[in-house]
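Letters A, B, ... are given to chains in the order of the sequence lines, protein chains preceding strands, and every chain is numbered from 1.
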Amino acid sequence: MPYDFGRIESKWLQRWEADKIFQPTETGKKYLLTVPYPYANGALHIGHGRTYTIGDIMARYLRMKGYNVLYPMGFHISGTPILGFAKKIEKGDKATIDLYKSYLELYGDNPDLIKEFSKPENIANYFANKIISDFSNMGFSIDWSRVFNTGEPIYNKFIEWQFRKLHSMGLIKQGDYPILYSIAEGNPVGEDDIADGDVDKVSILEFVTVLFQFEDKYLGASTLRPETLEGVTNLFINPNGMYTIIELDGRKIVVSKEAAEKLQYQRQIEIVGNIDPKELIGKIAKEPLHGRSIPIIGAEFVDTDNATGIVYSVPAHSLQDYLALRESGDNIEPIQIIEGVNESVEDVIEKFKISSIGETEKIEEATKYLYEMEFYHGIISKGKYSGKFIREVKDEIKNDYIKDKIAFIFYETSRKAVTREGDKVIVAIINNQWFIDYSNEQWKNKVRNLLNEMQLKPDSLRNQFMQVVDWIRERPCARKRGLGTRLPMDRNWVIESLSDSTIYPALYTIIRELREMDFNEIDDAIFDFIFFGKGELKGKSNDTIELAKRARKEFEFWYPVDWRHTGYPHISNHLTFYLFNHVAIFPEEDWPKGVSTGGIVLSEGQKMAKSKGNVVPLLTVKRKYGADLFRLYFATNADVWYDVDWRSSEVNMMQKKLEKFYEYLTNAIKYEGEPEERDLWIVGKFNERLKHADEAFGDMRIREAAVELFYNMMNDVQELESIAGKDRTMRAIKKFGRDWALSLSPIIPFISEEINELYGGSGYASLSSYPSYNESHKQILEEWEYVEGLLEDFKNIIKIYPNKPGKMRIYVAEDWKREAFKKFNELGMKEFMKSATPEQREFILTITKRKDAKNLRLNVNEIMVLERYKEDLENYLKLKIEILKTGEDDKSKKSLPGKPAILLE
RNA sequence: GCGGAGGUUGCCGAGCCUGGCCAAAGGCGGCAGACUCAAGAUCUGCUCCCACAGGGGUUCGCCGGUUCAAAUCCGGCCCUCCGCACCA
């Protein structure tokens, strides 16, 4: 019977679905296992597939171990991406249209359906449906009766309830917040909206703009190093630039024209007029600390499109300033204000071999070098902060300047950036931005306590989480656009897509009851009742009350989440929010029990990326290889927490192995008759491997379990076949074939069902008990392993034997050696030596030097075992065998108990 | 910078927690053989060096240490990769 995965997989899919076998009811030991829902904006690839496969393998394993496992799934549609794609399709953007047409083609749908995709909800619905079929095809044991998406009204009500709760607990705040922004679009922009945003990240820099008095105005000079203000010697301004006078907080300030535009998005300013830089150059300004007179010097290197387009110059501590002054010939004496650093600006210029100000790259590198040195080791030697380390007072200095109104903050992008449409990206301050206040220390402490109680895999996860909890601050939780749930406190805002997906596993438990409820009756009181058992449902209809009670029961039964698994990039965001929000909203008994993170998937050795053309869609994999093969590949190729590489050549190798496995099991059943007793070591071997694999599964070491049960077991069977021949092997396989298939059911569920049925198993393999360890063949296994040792020795010798041997003499060690060795093991060296004969002493001294001494099998009746396998070995090795007791022969004297001497001739 | 992971024999990649059965699983690649008219596929064996009757030597990023014994434990150093937020 050839391995036809298409036939087998669709057969079992239909049966599973017809019998709804993955829709658990509230009985027995429950286990709620979740994986974050996918974002429904495109076809899934094998990277997504791996995470859900790991979840499913664990779900299936635990189900077979007697747990009542619920593995639910929903869809994420919140945020801007789907909206953005819909908009682009509406606008006729070619790249986006081609991409979505390719998805339609992939799924075998008419590419003309693309028109539908100008509506975001159509994109979401289309892909949600495709993902359901993709996931089902992969054999995931998901309860689809509980599916929902984050855009539907019931979900919105649930999230609104959550946010009103957070708000009432004082965990939601408002404040001003800098953000990347496109003037042309009038909107905030994320990494995805920026050209090359993924490869060259844009961050927000905080410049301190210091005000230097000039006549009735001020010049706003920007710096990233406000601690050097004491050392200022002059100002630089671009003679070819355009400058504007603005009014801010009642003062007239000169900045570049570009800066003035940006500032309109950051502060309340008014444009007063323009000013020609020539009117400034050569004149004098006053620095704000002591009112020293400072010359204004023209310098073309000043970029008017970076910060305010005016910089102050500290030649003693800035390479660029030093070089500029040296080249302009202005005779200005640097003012040293930092000590404790061994190298001066001149030294660094020397060190990096910089000859002119044009060498931008070298200067950048050297500046970083100098800055890090001064920041970590430098001590301020002038002014108010004298004697203090820069790293300790830098922030204080900045804040003092702002307080004293001699400086303000100017936000700038870390590099020049444009959107994918080519519009300039700047930094804007959003007023009254809503935040979730993750900086709250009491809240953090609760999360820390939870982390100490939780099960986490891999072990390093606990440290990583603790670290994140330490540095996490307020997080903006709403945006002005996007799909999702409107913020109940202010309906102009939409809850941001990571913030609306933290406690939703709770919704899986009750969604079915909510759907039956009269939608208008669903309100906060209903959620309070279901989740906390609080309050009475006054004024609700009887049906609603009844459903709410049922929902309460479901929730109490299934919650908390026993395990959540996802990829490691989620540690610092989603998983952390998941913990924080559970801790805030739910009572302690409903807090998460365990979390694990997994590695990512590489394709042919590289990160998957559309630009590299190595993205492998889940669907094509399923069509080409079948779900079982896909699952087996990921199970065996790397442990959960490591990255895994998808290489088609290796997948092909694995396919052959899997076919062979299937062939063994389907063939074996056709063989009549009982197996030979002497071949049953294979059953012992299976049980040993099963025991080991069971332990590994329990600890989520899926790879170890899979390798043991699949690879190693296949090798054992092939070993048996090469010695016992096909017929005997097949009859032996029948003895444990069904258990073998069942033991692999979490990984290859379809083949498992097929084999289980073939072997007359009743019911579904997926719902069977996991096979249990049985030690009835332990003795024969040990005896066989003794023979394996002999074969090993034979191989070593045959390698160096000049021609083909016709005969092998096997000398079994004399009994006195066995006795001596046993005695030695019992008594230990010291005691043994006291009572031993000289002959015994010499023997023990020589063999204890051998490193394999501990390995000897002493409990085997060697002659009996050798006689049993003599014929098999003769056929296998193609020579005659003679079994003898050790005599006087030199070679034969090498025999040890459990390790006979061999003589070839 | 902060935090995490890791550097193993031609390549990929186990082992390391719980030192000795470790010249170190498995796969790829390579070599030889079987099969074949031939190629491919498949199967078998070999694949650090030297011995050529089961022996010896040198290896697991580098340098030291602990130990009878270190790829494994400890200390220091060098190098690589990943995450660091308003983005799903």
Side-chain angles (χ1 to χ4, degrees), chain A residues 36 38-42 76-82 84 177-180 188-194 197-198 201 203-204 368 372 375-376 391 430 433-436 438 458-461 463-468 470-479 482 496-499 501 567-574 576-577 597 599-600 602 605 607 636-639 641-645 647 649-650 653-654 656-657 660 703-704 707-708 710-712 715 718 722 789-790 792-802 805 850-856 890-891 894 899 901-905:
Chain A
Y39 192 71
N41 72 324
H76 199 200
I77 70 163
S78 319
T80 47
I82 289 180
Y177 194 73
I179 195 173
L180 295 174
V189 291
E191 188 183 292
D192 293 342
D193 306 318
I194 296 171
D198 47 344
K201 283 200 177 186
S203 54
I204 294 174
K368 194 174 170 231
E372 286 185 2
F375 182 78
Y376 290 106
R391 60 171 187 269
I430 303 290
Q433 166 74 48
W434 293 89
F435 297 89
I436 299 182
Y438 290 120
D459 294 339
S460 60
L461 210 51
N463 264 338
Q464 294 198 53
F465 270 126
M466 287 294 187
Q467 188 61 30
V468 177
D470 284 346
W471 61 246
I472 196 167
R473 307 192 303 257
E474 300 89 349
R475 179 194 165 85
C477 64
R479 301 185 71 178
E496 171 273 332
S497 61
L498 276 171
S499 300
S501 299
Y568 62 70
H570 281 151
I571 295 169
S572 61
N573 44 58
H574 166 70
T576 300
F577 304 151
T597 54
I600 56 171
L602 307 174
K607 235 180 176 169
T636 53
N637 258 274
D639 244 319
W641 9 97
Y642 296 111
D643 294 351
V644 64
D645 194 3
R647 288 175 191 267
S649 63
E650 290 190 24
M653 292 298 296
M654 169 100 44
K656 282 168 197 148
K657 284 239 171 196
K660 194 157 187 177
R703 175 180 188 276
E704 207 173 310
V707 166
E708 193 73 340
F710 187 74
Y711 272 119
N712 293 346
N715 286 340
Q718 280 172 42
S722 65
L790 178 79
E792 188 77 14
D793 288 346
F794 172 82
K795 265 188 203 164
N796 271 329
I797 299 165
I798 195 74
K799 257 194 273 188
I800 46 183
Y801 190 74
R850 299 182 51 122
K851 47 187 177 176
D852 54 359
K854 279 188 205 159
N855 225 9
L856 301 174
D890 258 7
K891 288 268 155 51
K894 288 193 169 177
K899 187 175 166 68
I902 297 171
L903 188 65
L904 299 182
E905 53 186 60

I want to verify a distance call: between [options], whose nearest atom is closest to the [X] side chain?
| X | options | answer |
| --- | --- | --- |
| A:Asn463 | B:G4, B:C43, B:A88 | B:G4 |
| A:Lys656 | B:A88, B:U42, B:C84 | B:U42 |
| A:Arg473 | B:C87, B:G4, B:A85 | B:A85 |
| A:Ser572 | B:A14, B:A85, B:C84 | B:C84 |
| A:Tyr568 | B:C82, B:A85, B:A88 | B:C82 |
| A:Gln467 | B:C84, B:C2, B:A88 | B:C2 |

Pairwise 5' ranking along RNA chain B for A:Trp471 and A:Gly79, keeping only the more 5' one: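 Whichever sits nearer the 5' end wins; that is A:Trp471.
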Upstream residue (5' side of RNA chain B) when A:Tyr711 and A:Ile472 are each assigned their closest nucleotide: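 Between the two, 5'-proximity favours A:Tyr711.
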Whole-angstrom distance between [N] and [M], as gauged at atom [atom1]:
| N | M | atom1 | value |
| --- | --- | --- | --- |
| B:U47 | B:C28 | C1' | 13 Å |
| B:C81 | B:G65 | P | 32 Å |
| B:G40 | B:C84 | P | 48 Å |
| B:G55 | B:U18 | C1' | 32 Å |
| B:U8 | B:U72 | P | 14 Å |
| B:C73 | B:C50 | C1' | 32 Å |
| B:A71 | B:U59 | C1' | 10 Å |
| B:G27 | B:A39 | P | 25 Å |

Shortest non-hydrogen separation from A:Gln433 to A:Cys477 and the atoms involved: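 For A:Gln433 versus A:Cys477, the nearest heavy atoms are NE2-N, 4.0 Å.
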Across all strands shown, which nucleotide pairs with [N] by Watson-Crick or G-U wobble geometry, both distances under 3.5 Å?
| N | value |
| --- | --- |
| B:U18 | none |
| B:C77 | B:G61 |
| B:U72 | none |
| B:G26 | B:C12 |
| B:C2 | B:G83 |
| B:A41 | none |
| B:U66 | none |

How many whole angstroms separate atom [atom1] of [X] from atom [atom2] of [N]?
| X | N | atom1 | atom2 | answer |
| --- | --- | --- | --- | --- |
| A:Asn715 | B:U44 | CG | P | 10 Å |
| A:Asp470 | B:C2 | CG | P | 14 Å |
| A:Leu461 | B:G4 | CG | P | 12 Å |
| A:Gln464 | B:C82 | CD | P | 15 Å |
| A:Met654 | B:G27 | CE | P | 11 Å |
| A:Asn712 | B:A14 | CG | C1' | 11 Å |
| A:Gln718 | B:U42 | CD | C1' | 12 Å |
| A:Tyr39 | B:C87 | OH | C1' | 11 Å |

Ignoring hydrogens and geometry, is there a side-chain-to-backbone donor-acceptor pair from [X] to [Y] under 3.5 Å?
| X | Y | value |
| --- | --- | --- |
| A:Tyr438 | A:Trp471 | no |
| A:His76 | A:Ser497 | yes |
| A:Tyr39 | A:Ile82 | yes |
| A:Thr576 | A:Ile571 | yes |

Separation of A:Asn715 CG from A:Phe710 CZ (nearest 0.5 Å):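 So the gap between those two atoms works out to 10.0 Å.
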Distance, nearest 0.5 Å, that separates CZ of A:Phe435 from CZ of A:Arg475: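 So the gap between those two atoms works out to 11.0 Å.
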Phosphate-side-chain proximity, A:Ser497 and B:C87, N/O vs OP1/OP2 below 4.0 Å: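 It does not, given that no N or O in the side chain of A:Ser497 lies less than 4.0 Å from OP1 or OP2 of B:C87.
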B:G13 phosphate, OP1 or OP2, under 4.0 Å from A:Arg703 side-chain N/O: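 Answer no for this pair, as no side-chain N or O of A:Arg703 is under 4.0 Å from OP1 or OP2.
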Touch class at under 4.0 angstrom, heavy-atom based, for A:His574 against every strand present: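 Since no nucleic acid heavy atom lies under 4.0 Å of A:His574, the category is nothing.
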Sugar-phosphate, base or nothing in reach of A:Ile179, heavy atoms under 4.0 Å: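 Answer is nothing: A:Ile179 stays at 4.0 Å or more from every strand.
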Close side-chain approach of A:Trp434 to A:Glu496, heavy-atom, < 4.5 Å: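 Of all side-chain heavy-atom pairs linking A:Glu496 with A:Trp434, none is under 4.5 Å.
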